[in-house]
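The block underneath contains the structure these notes are about, expressed in structure tokens.
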Amino acid sequence: MNIFKLTNVSTAFFLLLCSNANAQFYNLSTPGTSLVIEAPQNGEAKLIYYGTKLSENELNEIKSSGFNSFSAYPVYGMNCQSETALAVKHYDGNMSLQMEVINVEKTNNEDYVQTTLTLKDKIYPLYVNINYKAYNKVDMIETWSEITNKEKGTVTLNQFSSGYMPIRRGNVWLSSLYGSWANEGRLCQEELTPGMKIIKNKDGVRNSHTAHAEVMFSLDGKPQENNGRTIGAALCYGGNYKLRIDTDDSEYHHFFAGINEENSAYNLKKNETFTTPVLAFTYSEEGLSGASRNFHKWGREYKLANGNKERKILLNSWEGVYFDINQQGMEQMINDISSMGGELFVMDDGWFGNKYQRNTDNSSLGDWTVDKKKLPQGIEGLIKASKKNNIDFGIWIEPEMTNTKSELYEKHPEWIIKSPKREATTGRGGTQLVLDMGNPEVQDFVYEIVDKLMTENPEIDYIKWDANMGIINHGSNYLTNDNQSHLYIEYHRGFEKVCQRIRNKYPELTIQACASGGGRANYGYLPYFDEFWVSDNTDALQRIYMQWGTSYFFPAIAMASHISATPNHQTFRTIPLKYRIDVAMSGRLGMEIQPKNMTQEEKELCRKAISEYKTIRPIVQFGDIYRLKSPYDKDGVASLMYVSPEKDKAVFYWWKTETFVNQHLPVITMKGLNPEKRYMVKELNRIDNEPLVFEGKTFTGKFLMSKGLEIPYTHKVDYHKLNDYASRVLYIEEVK
Ligand code: DGJ
């Protein structure tokens, strides 16, 4: 169905250039969707349609259907009342734009077709390329623009969105993520009403603690997980962003997304081209989960670093020992995770600093040399211990930062971000400062931190890259006075340059994007990172809500999810180990705990869970998500499942979110299975004294999807083990 007008159609073709005499229509197609653009020579480029795939005939029908069309890239100056994607001040002070199509070019690639519309201002030699990349294996279309200045002098870009999409009004609901530190990825669903909805970030360094740069639009009323026409959009950018949805007096909601231009006016020099970040769109008629599956496939295949490689099960030292790093303690943790079947140990903060020891968060960032008092055998000693235990070794760094108490700051006070002529504003520990990533010397320094670590210790398998501070006061010692407004943009250009250098040299290295928890969950980072830390909050119950929201856009393979101690260090809630395991197992499983403090029985449960996770890992990490029952519905239970692409295996998660006596919970019906196939059900991480009634029994996919299983609300365990939590993980396998 058409978000602009047309009716439901299905057959389609790849890319059609209409041969009609006067119309230059372009049908940009993915396996199941079409984006239709009209681009007449010397006329205005217009968006005609975005929705389910159109056949050639149906495309021709557009003209007689009474469609509405909108500028593909609205510009400011000749229709001043409307929201725009691009607003500039020309070299001579003129503030208006009027763009016409001068060329359309199509390039084919094995994975996508790229269509570039070249627009030129009718008077000024200012050019805009609007690019659309339509994938041929996944239902995603990426758009971005390139603005080129051929005028006599500098052009100021006051607004420079990545793209625009009109969305037909009619009970359209927006799903977006919001939150804060330790509560990231919270889902917000609201009906779009007249006025302007703005979703933005101004942190400067990280961009997903609070709002997220991804949204979904449900076109058929209140969002449903598995039904309804849904448009998803993700701005792929690590810096400040702004998403605008303007519901004006027209029949449309107008969606714009791009770099947040506030305090970031860009002086585009003569002959310079400014490239915006990518804005990716998807469309599904299978509800929010359908759109998520599209995001996940595209994410794994084209965005995420090493998206097709299974992730290792790890123990991270942070919540286990915090800054208390020493050789013996690390070796004990290495030994413990190995004995539970883990595959990787990661040493977190606290291992470095020479002149200043890193014993708390107020010193030493930038001094990336091993603290030999804590680790006399250095990193080498820990790698040796890991190898001896048949596991890999990883390490924490926070390379974009320094502290006033550090050798780096003493040597290079000019490298930090701060307002000229003013005192620096410090962050974490009262001493933390952000390095000026726009400065090429800083870029080299940051690159060399990783390069030196890896050159000296080529067996390092994993890096946890942290970032615990945003830009608090504006100013760069490197940028010229008239380009101070480039600070945020140059920071991220510099950051990306460093990441590209690292990835060119170390493509296989696993790198986690951590930023005080979930500050870097964005597809702008993920080409350089294998995964992200969803949140510093490891409380299993709260994680259900956070991981639910995060899963709208990001696949489980990218979502680091760890079993931690009880009472939880953030919420102080006491949750039984079984439930903590069952939640962590729905993402990239890891541990964040001091194993020394665990009982043998607890270790045994973890050992079993790790072993079972290895069986289901390919389904969790590469399967299709079906979210079944939202925790946000407040019905006392949350549930989701992953299904293998062949539909021969699935993992079903069921978590009770509250407990009352005489409680009535809905039966959860499954999704995504083959109705014709027979599946055997097996419970994983079982703690009950007796098996579930359906253990080892077989059911048709049809039965599981229409009737569902009656899951007991409590666990049958010895009296002293009873508690108010219940959860189940079911492994579902086709019986041939
Ligand atoms: C913040 C991260 O989110 C934590 O996981 C941990 O690595 C600390 N920083 C270390 O300082």
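All ligand and atom numbering here is 1-based and tracks the order in the structure.
For atom 7 (O) of ligand 1, the closest non-hydrogen atom of the protein is Asp348 OD1, 2.8 Å. Remark: minimum distance from atom 2 (C) of ligand 1 to any protein heavy atom is reached at Asp466 OD2, 3.2 Å. From the protein, the heavy atom lying nearest to atom 5 (O) of ligand 1 is Lys464 NZ, 2.7 Å. What sits closest to atom 3 (O) of ligand 1 on the protein, heavy atoms only, is Asp536 OD1, 2.4 Å. Protein heavy atom in closest approach to atom 11 (O) of ligand 1: Asp349 OD2, 2.6 Å.
With Glu612 contributing its side chain and Asn685 its backbone, the two residues share a donor-acceptor pair below 3.5 Å. Proximity of a side-chain donor or acceptor of Arg520 to a complementary backbone N or O of Val205 within less than 3.5 Å is detected. Counting only distance, with no hydrogens or angles, the side chain of Arg580 and the backbone of Val583 share no donor-acceptor pair below 3.5 Å. Listed for the Thr566 side chain is a donor-acceptor partner under 3.5 Å among the backbone atoms of Ile575. Under a 3.5 Å cut-off, the side chain of Tyr579 and the backbone N or O of Lys656 do form a donor-acceptor pair.
Just one of Lys312, Lys309, Arg503 meets the salt bridge (charged side-chain N to carboxylate O under 4.0 Å, His left out) condition when paired with Asp530; it is Arg503.
Taking any N or O of Trp396, backbone or side chain, at least one lies under 3.5 Å from an N or O belonging to ligand 1. Annotation: Glu592 places no N or O atom under 3.5 Å from an N or O atom of ligand 1; distance criterion only. By the 3.5 Å distance cut-off applied to N or O atoms, Arg358 is not counted among the residues near ligand 1.
Note: Tyr545 and Tyr632 meet the aromatic proximity criterion, with ring centroids under 6.0 Å apart.
Against a heavy-atom cut-off of under 4.0 Å, Cys514 is close to the following atoms of ligand 1: 2 (C), 3 (O). The atoms of ligand 1 that sit less than 4.0 Å from any heavy atom of Gly517 are 3 (O).
Gln512 does not count as a contact of ligand 1, since none of its heavy atoms falls under 4.0 Å from the ligand.
Residue-level proximity to ligand 1 for Asn468 is carried by the side chain, the only part with a heavy atom below 4.0 angstrom.
Under a 4.0 Å N-O distance rule, the pair Arg358/Asp371 does not qualify as a salt bridge.
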